Amino acid sequence: MFGCADLRVGLPHGHPILLVDRVLELVPGQSITATKAVSRSEVCFSSTRGGADAAYPMPLLLESFVQSAALLWLAGLAGASTDQLLLAGISGAVFYSDVQPGEVVVHRIELREQLGSNAFLAGRSTCAGRDILSVESLILARRPT
């Protein structure tokens, strides 16, 4: 298990856009289980228009999933890479339920295939035992900086 300080090594993101809090399990080149704890202090909840029942925005939930997938792919690469990681495509993404502040999202992602500088992944996110998100296909690409 590793937390935010370790995540900064793999991802260039910082606060407030680093959307992975912990990696619970990582099998390089195979799978990752990562978490995102949703807090009322998130920037997305700073608007006075958000009521007590305001849900975590779905685009941020998807970004958290993609960052977790990127960590999995990076862990399987041989040696340090200065390449840029890009989101090349997502298909079959289905949102099942909202996430409220105080809940913890668990992303479980598998690396399905790697072709050259592209990776194909899929997975599911849950929260308190309920399905939140499933992604049938996520494509990440590496490009020289």
Side-chain angles (χ1 to χ4, degrees), residues 1-77 80-112 114 117-145:
M1 180 169 79
F2 53 95
C4 284
D6 302 307
L7 297 173
R8 292 292 310 267
V9 173
L11 296 174
H13 307 74
H15 178 75
I17 200 61
L18 178 60
L19 300 178
V20 179
D21 294 320
R22 290 194 194 294
V23 173
L24 302 177
E25 184 178 348
L26 175 63
V27 180
Q30 292 182 25
S31 64
I32 190 169
T33 301
T35 65
K36 166 64 180 152
V38 176
S39 165
R40 176 61 69 189
S41 64
E42 305 265 352
V43 174
C44 62
F45 294 121
S46 64
S47 168
T48 57
R49 291 178 284 167
D53 61 344
Y56 192 63
M58 290 179 185
L60 294 180
L61 180 63
L62 192 56
E63 173 66 20
S64 178
F65 184 94
V66 172
Q67 288 181 18
S68 299
L71 287 168
L72 168 58
W73 192 29
L74 286 168
L77 296 177
S81 175
T82 59
D83 291 348
Q84 282 187 324
L85 290 182
L86 305 170
L87 171 61
I90 298 174
S91 67
V94 178
F95 294 93
Y96 299 101
S97 178
D98 289 337
V99 177
Q100 300 297 318
E103 295 187 303
V104 176
V105 177
V106 178
H107 303 294
R108 291 180 178 85
I109 304 166
E110 295 179 357
L111 178 62
R112 297 283 171 92
Q114 190 168 329
S117 60
N118 300 308
F120 299 85
L121 305 102
R124 179 171 298 277
S125 301
T126 59
C127 184
R130 69 185 194 280
D131 287 338
I132 300 297
L133 166 69
S134 66
V135 176
E136 186 177 299
S137 178
L138 171 68
I139 305 167
L140 297 177
R142 278 190 352 249
R143 299 296 180 258
T145 52

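Count residues from 1 along the sequence. Just so it is clear, the model here is predicted, and its values are computed rather than measured. Note: hydrogens, waters and symmetry copies are ignored here, and every other heavy atom, side chains too, is used.
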side-chain contact (heavy atoms from CB on, under 4.5 Å) between Ile90 and Val66, worked out
CA-CA 9 Å; Ile90 298 174; Val66 172; 4.2 Å; yes

With sequence neighbours excluded, residues passing side-chain contact (heavy atoms from CB on, under 4.5 Å) with Gln30:
Val27

Hits for side-chain contact (heavy atoms from CB on, under 4.5 Å) against Ala70, two or more places apart or cross-chain, chain-then-number order -> Leu11, Leu85, Leu140

Tell me, please, which residues at least two apart from [X] pass side chain to side chain donor-acceptor pair (under 3.5 Å).
| X | result |
| --- | --- |
| Thr126 | Arg108 |
| Ser91 | none |
| Ser64 | His107 |

What side-chain donor-acceptor pairs closer than 3.5 Å can you find for residues 127-139, not counting sequence neighbours?
from   : atom 1 : to     : atom 2 : distance (Å)
Arg130 : NE     : Ser97  : OG     : 3.0
Arg130 : NH1    : Glu103 : OE2    : 3.1
Arg130 : NH1    : Cys127 : O      : 3.3
Arg130 : NH2    : Asp98  : O      : 2.8
Arg130 : NH2    : Glu103 : OE1    : 3.1
Arg130 : NH2    : Glu103 : OE2    : 3.2
Asp131 : OD2    : Arg124 : NH1    : 3.2
Ser134 : OG     : Tyr96  : OH     : 2.9

Closest non-hydrogen atom pair between [X] and [Y], with its separation:
| X | Y | value |
| --- | --- | --- |
| Ser39 | Pro101 | C-CB, 4.1 Å |
| Leu26 | Ala75 | CD2-CB, 3.6 Å |
| Ile109 | Ser68 | CD1-CB, 3.6 Å |

Under the side-chain contact (heavy atoms from CB on, under 4.5 Å) rule, what do Cys44 and Leu60 come out as? Steps first, then yes or no, please.
CA-CA 9 Å; Cys44 62; Leu60 294 180; 3.9 Å; yes

So do the side chains of [X] and [Y] get within less than 4.5 Å of each other, counting heavy atoms only?
| X | Y | result |
| --- | --- | --- |
| Leu61 | Val105 | yes |
| Phe65 | Leu19 | no |
| Val23 | Ile32 | yes |
| Lys36 | Val20 | no |

Relative to Phe45, does Arg40 satisfy both conditions: NZ or CZ under 6.0 angstrom from the six-membered ring centre, and within 45 degrees of the ring's axis?
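Pair Arg40/Phe45 counts as cation-pi.
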
Could you go through Tyr56 and Glu42, starting from their C-alpha distance and side-chain angles, then the distance that decides it, and tell me whether this counts as side-chain contact (heavy atoms from CB on, under 4.5 Å)?
CA-CA 9 Å; Tyr56 192 63; Glu42 305 265 352; 4.1 Å; yes

For the atom pair CZ (Phe120) and CZ (Arg112), what is the distance rounded to the nearest 0.5 Å?
12.5 Å

What's the separation between atom OG in Ser31 and atom CG in Leu111, rounded to the nearest 0.5 Å?
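Between atom OG of Ser31 and atom CG of Leu111 there are 9.5 Å.
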
Any donor-acceptor pair under 3.5 Å from Gln67 side chain to Ile17 backbone
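Side chain of Gln67 to backbone of Ile17, a donor-acceptor pair under 3.5 Å: yes, one is there.
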
Stepwise side-chain contact (heavy atoms from CB on, under 4.5 Å) check, Arg143 with Leu86:
CA-CA 8 Å; Arg143 299 296 180 258; Leu86 305 170; 3.5 Å; yes

